[in-house]
K.L.:
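For reference, the structure I am asking about is given below.
A quick note: this is a predicted structure, and the numbers were derived from the prediction, not measured. Each chain gets a letter, A, B and so on, in the order its sequence line appears, and its residues count up from 1. Heavy-atom basis, side chains included; hydrogens, waters and symmetry copies ignored.
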2 protein chains.
Amino acid sequence: MRLTTKGRYAVTAMLDLAYHSHKKPVTLTDIAARQTISLSYLEQLFARLRRANMVKGIRGPGGGYTLSGLAVDINIADIIAAVDEPIHATKCGGESNCQKNQACLTHDLWMGLSDQIRDYLQGITIAQLLEKHHVQEVAKRQDQEAQRVIEIHRSAELAHNLNDLL
Amino acid sequence: MRLTTKGRYAVTAMLDLAYHSHKKPVTLTDIAARQTISLSYLEQLFARLRRANMVKGIRGPGGGYTLSGLAVDINIADIIAAVDEPIHATKCGGESNCQKNQACLTHDLWMGLSDQIRDYLQGITIAQLLEKHHVQEVAKRQDQEAQRVIEIHRSAELAHNLNDLL
DNA sequence: ACTTAACCCAGCAAAATAGTCAACTATTGT
DNA sequence: ACAATAGTTGACTATTTTGCTGGGTTAAGT
């Protein structure tokens, strides 16, 4: 599992898509504008995402992209895997031409870690991230409202004090 | 947090170092040979690791590198952070010049995820990986032994059958 | 002194990244 | 039917990162 800016772009774009495509398809032009990613680069990424059957492209006016499935079924690891080409993880790679000698020892360790990271990212879905953000937004709004109440209370006190003075 | 081959090399090298430096310092030449990483590239990586105070370099004959601290105190996130230069996570980066408009929304989501990944990797130490591998090795050896027992049993059966036939 | 290593550069080729441009095709509203 | 929209494709380019080579210098053991 590799984590590069390419994967980040893909995840960001998918999040944007999930967030905005509750009804109509979303055009890449919109995503490009919102996320400041070049349109042509997005096209490349979405070509891969489409081939991986994660999004559907709809042509013609009013067209754009939609998620192939539910946001709850789309995890981060799959998005990243879709845009990153599968590189030969290591020198001895799948061929296991580096035998059970010492050279493979720590290399094995890394592979295990890599698997762990993949498993971890596989457990995080688009839906979860949107949910989490939604919760945060609500929390923030509530904080702001609480703050406003405090301010109103304070200004009321202030007015009261002024009344006393005048 | 970025996960590239560079980070993998660094983690692999650190694992090798932790595994072999119970007593004496380990030379980069040894690590290079075991992990098939070029010496000069390792030098670059270890220069950064040293500056990040994760390893100590000892000059002269019998010199090499040792871990600065205990394997239990060294986590994966720190190793990767040490060799990857801190890139401006996004366009609006730390300056937060992209205001509370929609453009930042999904970007925020990614940042949250990125933090999650970092936290996750921060929780995994070199010591844990070595431990885990050790457990696996033992398990594998036990499997092999069990397999041998089965094979012996089978060949005994086979011999028995042959005895019946002859 | 001599060897052994860490340390420190400057540079360089290959690959990956990020983006551009242009031509083409399918779909839809009018 | 026709124009507008928007996906599809491919080739091409600039920049950055990667991984490595090879030249040194400096510190510590023998």
K.L.:
Write down the distance between CZ (R48(A)) and P (dG7(D)), rounded to a whole number of angstrom.
P.N.:
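Spelled out: CZ on R48(A) to P on dG7(D) is 19 Å.
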
K.L.:
Report yes if a side-chain nitrogen or oxygen of R50(A) is closer than 4.0 Å to either non-bridging phosphate oxygen (OP1 or OP2) of dA6(D); otherwise report no.
P.N.:
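Answer is no, no contact under 4.0 Å.
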
K.L.:
Could you state the atom-to-atom distance from CD1 of I58(A) to C1' of dT5(D) in whole Å?
P.N.:
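It works out to 13 Å between those atoms.
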
K.L.:
Check whether Q35(A) reaches the backbone of D30(A) with its side chain - one donor and one acceptor, N or O, closer than 3.5 Å.
P.N.:
no

K.L.:
Measure CG/L49(B) against C1'/dA6(C) and give the value in whole Å, please.
P.N.:
14 Å

K.L.:
Report yes or no: do I126(B) and L70(B) belong to one cluster of Ile/Leu/Val/Met/Phe/Trp/Tyr joined by side chain heavy-atom distances under 4.5 Å?
P.N.:
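No, because I126(B) and L70(B) fall into different hydrophobic clusters, even though each may have its own neighbours under 4.5 Å.
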
K.L.:
With respect to the side chain of S40(A), which nucleotide from dT18(D), dT20(C), dC20(D) is positioned closest?
P.N.:
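Shortest atom-to-atom distance from the side chain points to dT20(C).
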
K.L.:
Checking all strands, does T29(A) fall into the base, sugar-phosphate, or nothing category for heavy-atom contacts under 4.0 angstrom?
P.N.:
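Touches nothing.
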
K.L.:
Does any donor-acceptor pair link the side chain of Q44(B) with the base of dG19(D) at a separation under 3.5 Å?
P.N.:
no

K.L.:
Between Q122(B) and N75(B), is there a side-chain donor-acceptor contact under 3.5 Å, judged purely by atom types and distance?
P.N.:
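There is no such pair (donor and acceptor under 3.5 Å, judged by atom type) between the side chains of N75(B) and Q122(B).
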
K.L.:
Among dC8(C), dG19(D), dG7(D), which is the nearest nucleotide to the side chain of E43(B)?
P.N.:
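It is dC8(C).
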
K.L.:
Got a donor-acceptor contact below 3.5 angstrom from the Q128(B) side chain to the G123(B) backbone?
P.N.:
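Here the side-chain-to-backbone pair exists.
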
K.L.:
Using the side-chain heavy atoms of R2(A), tell me which of these nucleotides is nearest: dT9(D), dA16(C), dC7(C).
P.N.:
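The nucleotide sitting nearest to the side chain is dA16(C).
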
K.L.:
Between atom CZ in R8(A) and atom C1' in dT17(C), what is the gap in whole Å?
P.N.:
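Result: 12 Å.
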
K.L.:
Between Y65(B) and dA5(C), does any side-chain N or O lie under 4.0 Å from OP1 or OP2?
P.N.:
no

K.L.:
Using a heavy-atom cut-off of under 4.0 Å over every strand shown, decide if T27(A) touches base, sugar-phosphate, or nothing.
P.N.:
sugar-phosphate

K.L.:
Rounded to whole Å, please give me the gap between CG in D84(A) and C1' in dA16(C).
P.N.:
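Whole-Å distance recorded here is 10 Å.
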
K.L.:
Identify the two heavy atoms, one from W110(B) and one from L15(A), that lie closest to each other, and give their separation to 0.1 Å.
P.N.:
N-CD1, 4.3 Å

K.L.:
Heavy atoms only, 4.0 Å cut-off, all strands: where does F46(A) land among base, sugar-phosphate and nothing?
P.N.:
nothing

K.L.:
Go through dT17(C), dT8(D), dG19(C) for me and flag the one nearest to the S38(A) side chain.
P.N.:
dG19(C)

K.L.:
Counting side-chain heavy atoms from CB outward, which of dC7(C), dG19(C), dG7(D) is closest to Y41(A)?
P.N.:
dG19(C)

K.L.:
Do the side-chain N or O atoms of R59(A) get closer than 4.0 angstrom to the phosphate oxygens (OP1, OP2) of dT5(D)?
P.N.:
no

K.L.:
Expressed in angstrom and rounded to an integer, what is the separation of Q35(A) atom CD from dG19(C) atom P?
P.N.:
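Going from CD in Q35(A) over to P in dG19(C) covers 13 Å.
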
K.L.:
What is the distance from CD1 of I31(B) to P of dC20(D), rounded to the nearest Å?
P.N.:
15 Å

K.L.:
Measure CG/L45(A) against C1'/dG7(D) and give the value in whole Å, please.
P.N.:
15 Å

K.L.:
Minimum heavy-atom separation for T125(B) to A71(B), with atom names?
P.N.:
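The pair with the smallest heavy-atom distance is CB-O, 3.8 Å.
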
K.L.:
On DNA chain C, nearest-nucleotide positions of P61(A) versus L39(A): which is more 5'?
P.N.:
L39(A)

